[in-house]
Number of protein chains: 2
Amino acid sequence: MMFSKACEYGIRAAVYIALQSLDNRRVSVTEIAEEIDSPVAFTAKILQQLTRNNIVHSVKGPTGGFEIDREAMDTVKLSKIVKAIDGDKIYMGCGLGLKECNADRPCPLHDKFVDIRTDLRTMLQNTSLYELATGLEVGLTYLKR
Amino acid sequence: MMFSKACEYGIRAAVYIALQSLDNRRVSVTEIAEEIDSPVAFTAKILQQLTRNNIVHSVKGPTGGFEIDREAMDTVKLSKIVKAIDGDKIYMGCGLGLKECNADRPCPLHDKFVDIRTDLRTMLQNTSLYELATGLEVGLTYLKR
DNA sequence: TATTATTCGGACAAAAATGTCCTTTATTAA
DNA sequence: TTAATAAAGGACATTTTTGTCCGAATAATA
Ligand code: FES
Ligand code: FES
C-alpha cells in the first residue's frame, strides 16, 4: 500500500534485529523470518540489501547472523530503510503519477498531497530503530499477528 | 507508490471528464488518454470501473463518451475513486504489513502511522472532483507533463 | 436499413513484484 | 584439517499489476 512488501519486511526485520541486539544476541535469517512471519528466502534477499546499505551488520559462519550496534539504532531512521528498499519515489513522486512532482507545474492534487507526503517523510526521518525496538521490548507492540 | 497506477489514471481521467463536463462536452476514451497521457486500452478498463461505481456516466454510440453531472462533481470525493479502484487497504491496512491494523495489538509504527493515514483519508474525503477541475480550468494545474 | 462511432467485456501479453532453490563463500569449532 | 553453520548471490518460479487486442453491444445518422 504505502510501502512495498519488501520494505515492510525490511522494517520489521530491522526492528527485530535491533531488539535482539539490545541483548547482544545475533540472529539468523531463519529466526527473523519466524519472528516477523515472513518468507525466509525473500527475507534473506532483503537483509542483503540492508547489509549493503549499512543498516544492519552481518557475520557469516557458525555463531554468525545479523546485528545492529547500539549507536546505529539511534542514527538509523526509518527513512533510510525505506529509501534503501523502495527508493525515493515516496518522497519525490507526484501523487497522481505525473513524471515528476513540480510546484511550478503542479497536478491538481499537488498542494494537498505535498502536505501529507511531507508529514510522512518527517515522521520517517524522526523515527529511529531504537525507538521502535523499545516498544517491542516492553511488550506494547508486536511484529506479527 | 501511494496509489496504484490504475488509481492515478482513474483520478486524472475523472478530473479531466469533470473539467470537460463543465462545458457540457462529452469525451471519448481516446481523448481522455491523450489528455492525461495514459495507455488508451488500460484507461478504458479503468473507466469501466468508474462507470460501474457511478463515479462517471457513460454513453455508447456516436456522440457518446464519458461525462459527469454537475452535482456528482461535488458529491464524488477522491476517497470514492480510490476505494473503487484500490480498495480500502489504504484506509485500513497496517503500515508494516501485519494482517490487520489493530490498536489493541499494534505494530511498532502504529501510532505514528495512523496519524498520517488519517490525514490522508480526511484529505481524500474532503476533496471533490469539482475542486480539482476548477484549478485545471483556470490553468493553474496540469494533468500531464 | 446500413454504416459508423462509441463503450463493454473477455482473453491474452508483458512487466514488475514477490517468492523459492541451490551453489558458493566465509567462519567457527571440533 | 575437516565438518558444520551461516550469509551471499545467482537463477528460476509464481503472482500481481499493468497493458493490449479484438469482437460484441449500443446508439446516432445518413
Ligand atoms: S505535481 Fe502531483 S503531487 Fe506534486
Ligand atoms: S498495527 Fe500497524 S499500523 Fe496499526
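So you know, we letter chains A, B, ... as the sequences are listed, proteins then strands, and number each from 1.
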Roughly how many Å is it from CD1 in I46(A) to P in dA7(D), rounded to a whole number? 14 Å

Look at the side chain of P39(B) and decide which nucleotide, out of dA8(D), dT20(D), dT18(D), has an atom nearest to it. dT20(D)

Given dG9(D), is OP1 or OP2 found less than 4.0 Å from the side-chain N or O atoms of R52(A)? yes

Students often get this wrong, so: under 4.0 angstrom with heavy atoms, is T51(B) touching a base, only sugar-phosphate, or nothing? sugar-phosphate

For Q48(B) and dT18(D), what is the distance between atoms CD and C1' respectively, to the nearest whole Å? 15 Å

Whole Å only: how far is the CG atom of D86(B) from the C1' atom of dT17(D)? 11 Å

Is there a side-chain polar atom (N or O) of S58(A) under 4.0 Å from OP1 or OP2 of dA8(D)? yes

Lys/Arg-Asp/Glu bridge criterion (N-O < 4.0 Å) met for E31(A), R25(A): yes

Atom-pair distance (CZ on F42(A); P on dG9(D)), nearest Å: 17 Å

Nearest-angstrom distance from the residue atom NZ of K89(B) to C1' of dT17(D): 10 Å

Below 4.0 angstrom, N of the basic side chain to O of the carboxylate: do D37(A) and R12(A) qualify? no

With sequence neighbours left out, which residue pairs that include part of residues 8-67 of chain A fulfil the ring-ring contact (aromatic ring centres under 6.0 Å, His included) condition? Y9(A)-F42(A)

Could you check how far CG of N53(A) sits from P of dA7(D), rounded to whole Å? 18 Å

Contacted region of DNA chain C by chain B, from 5' end to 3' end of the hits, cut-off under 4.0 Å to heavy atoms, spans dT4(C) to dA11(C)

Flag for S128(B)-D74(B): side-chain donor and acceptor within less than 3.5 Å: no

Would you mind reading off the distance between Y9(B) atom OH and dT18(D) atom P, rounded to a whole angstrom? 8 Å

